[in-house]
Amino acid sequence: MTSTYDTLHQRLQAAFDAVEPGADPVLRTSERSDYQSNGVMALAKRAGRAPREVAAEIVRHADLDGIATVEIAGPGFLNLTLAPTLLQHQLSALLDDDRLGQVAATTPKTVVIDYSAPNVAKEMHVGNLRSTVIGDALARMYRFAGHEVIARNHVGDWGTPFAMLIEHLVDESSDHGAKELSIKDLDGFYKAARVKFDADESFKDRSRRRVVALQSGDPDTLRLWRAIVDQSIDYLNLVYVDLGIALDAKDVVGESHYNDMLAGVVADLDHAGLLVESGGARCVFPPGFTNRDGDPLPLIVQKSDEGFGYAASDLAAVRDRVDHLHADEILYVVGVPQAQHLEMVYAVARMAGWLPDRVRCEHVTFGNVLGTDRKMFKSRSGETVKLASLLSEAVERADAALRERNTDLDDTARMALAVQISRAAIKYADLSTDRQHDYVFDLDRMIAFEGDTGPYLQYAYARLRSIFRRLGAPWSPQGVAFSLGTSQERDLALGLLAFPEAFDAALVSLQPHRLCVYLFDLAQRLTAFYDACPVLTSEGDVREQRFALCDLAARTLATGLSVLGIEAPEQM
Ligand code: ARG
């Protein structure tokens, strides 16, 4: 189906084209009417004409019969009110469309999304939350839009700290005579290794020798390294499962994956005449990057000790993603502190000819997670907070909230629901703020069933489902006549019809919060609708129409939540 917005846009575009080919109608939803077209003023200015006169000309050209009525307002706004025939037609089409009016991409793109990417051998902490949640939402949104998404969990699984961890693992395993190498507590393991490293000279020496062994590919060392990485990744996967993140072992393609390509990166940069020796290190100086004193900034590809750095693996990753994955777009959902690093990586990759202009690279940045004191979120003892403990606390609170509501669920069902609610609370709080902004991590507010929260939207869905449960028989739409007799029904209908443009706007701007704003608005329209329009006790066509609106609302909420990575339980 053609969405309501697109239908209106096409008609207006034709009218604008008649006055000035290609002029933008600037069509938006509006408080004053259903939609407003604001493109007249700019057009009139370009033409040196009176705006209201241009507006009148557009209106004359616009074929809006059965589509909308139009009124010229103020300096030349076109206020558009959708016609009943259009509403009837669009709502009926929506009932038959599982995409709810959103049109799947006609030329699907291959989109590589680099997200989550914790450093392994450490527990996932709150600093890993935003990349994980935002990246996952974007991946789902792109998939829904019909694109092919390749997730890349670019974990930090290589480098000198691993030498220390390997030595510690060797000690631990022989101390306890354990055949199987096992790390139960990642953070504890890491800290213990660190303490030993700082205190024990012989341990430090062994670790240094281990660095050499690791870099030269000594099989025994690699086996131990693999054991540590594998266990960390098993653990990561548990957190992803707990949080409902669509990442698994096959998406883990970390720094180590690019090892074999690093020598080639350096050799090819050298061939291209881009490498410069600086302080013993091999660097590229992409134009336009300078430090505070105005001196050119290097991207260090190979350090003076011959070791390859973080930049080298990122360059290799770009080549891999372009050449082997055939990426049309690469999104990096990575913290702001790495902005310059990434810009330099793209610049060098473009200089080397590895990143054609047609491939879009975008750094998807995000703000910090703050505590209720508005400082960086920390535990009471001042440590970074583990994601696993945050999640279990959220589940407990959600469970407590459910007990208070006196649901008739048994313990198992209530617990399962508490898990779904807690994930929704955490993800929605993260996704519903403009991602560039910081947000306060406040479980009490996030888990509330009232207000702009994930559980509130879940509840809005569950309430709709309960109406259908109470009906007692399956409902299916049959020639529903949408007469939309009340303003609340009409407002709800307009909200439902606006899903495609809300989704598209969120996708194009890589701003999941726009979709959250839309869903919250839809839930509020629903509340107003319930207050004014009884569903089960109404009769005849009115009842059919109300059921149809409820059905569409439930599907829209469930779809919107699911593309954000949030589940919609049937009952709450
Ligand atoms: N592991 C890195 C960190 O924790 C993030 C990796 C981001 N992705 C990339 N391709 N550099 O800071």
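Indexing begins at 1, ligand by ligand and atom by atom, following the structure's order.
- Which parts of ligand 1 touch V334 is read off a 4.0 Å heavy-atom cut-off, strictly below it: atoms 7 (C), 8 (N).
- For the pairing with Y142, the side-chain hydrogen bond (donor to acceptor under 3.5 Å, both in side chains) check across H147, K109, E329, E148 returns one residue only, E329.
- Among all protein heavy atoms, the one lying closest to atom 8 (N) of ligand 1 is D114 OD1, 3.1 Å.
- Residues forming a side-chain contact (heavy atoms from CB on, under 4.5 Å) with T559 (at least two apart in sequence, or on another chain): L100, F144, F499.
- Heavy-atom distances between R152 and ligand 1 stay at or above 4.0 Å for every pair.
- For ligand 1, the atoms lying closer than 4.0 Å to a non-hydrogen atom of Y332 are 10 (N).
- For Y459 and F449, the gap between ring centers reaches or exceeds 6.0 Å.
- When only non-hydrogen protein atoms are considered, atom 11 (N) of ligand 1 lies nearest to Y310 OH, 2.7 Å.
- A salt bridge is defined here as a Lys NZ or Arg NE, NH1 or NH2 lying under 4.0 Å from an Asp or Glu carboxylate O, and D220 with R223 meets this definition.
- For atom 12 (O) of ligand 1, the closest heavy atom belonging to the protein is Q338 NE2, 2.8 Å.
- Of the charged side-chain nitrogens involved, at least one lies within less than 4.0 Å of a carboxylate oxygen, so that D444 and R397 count as a salt-bridged pair.
- Closest to atom 4 (O) of ligand 1 by heavy atom, among A117, G335, G156, A317, is A117.
- The proximity of D314 to ligand 1, defined as any non-hydrogen pair under 4.0 Å, is limited to the side chain.
- Scanning all heavy atoms of the two residues, the minimum distance from M344 to L297 falls at CE-O, 3.4 Å.
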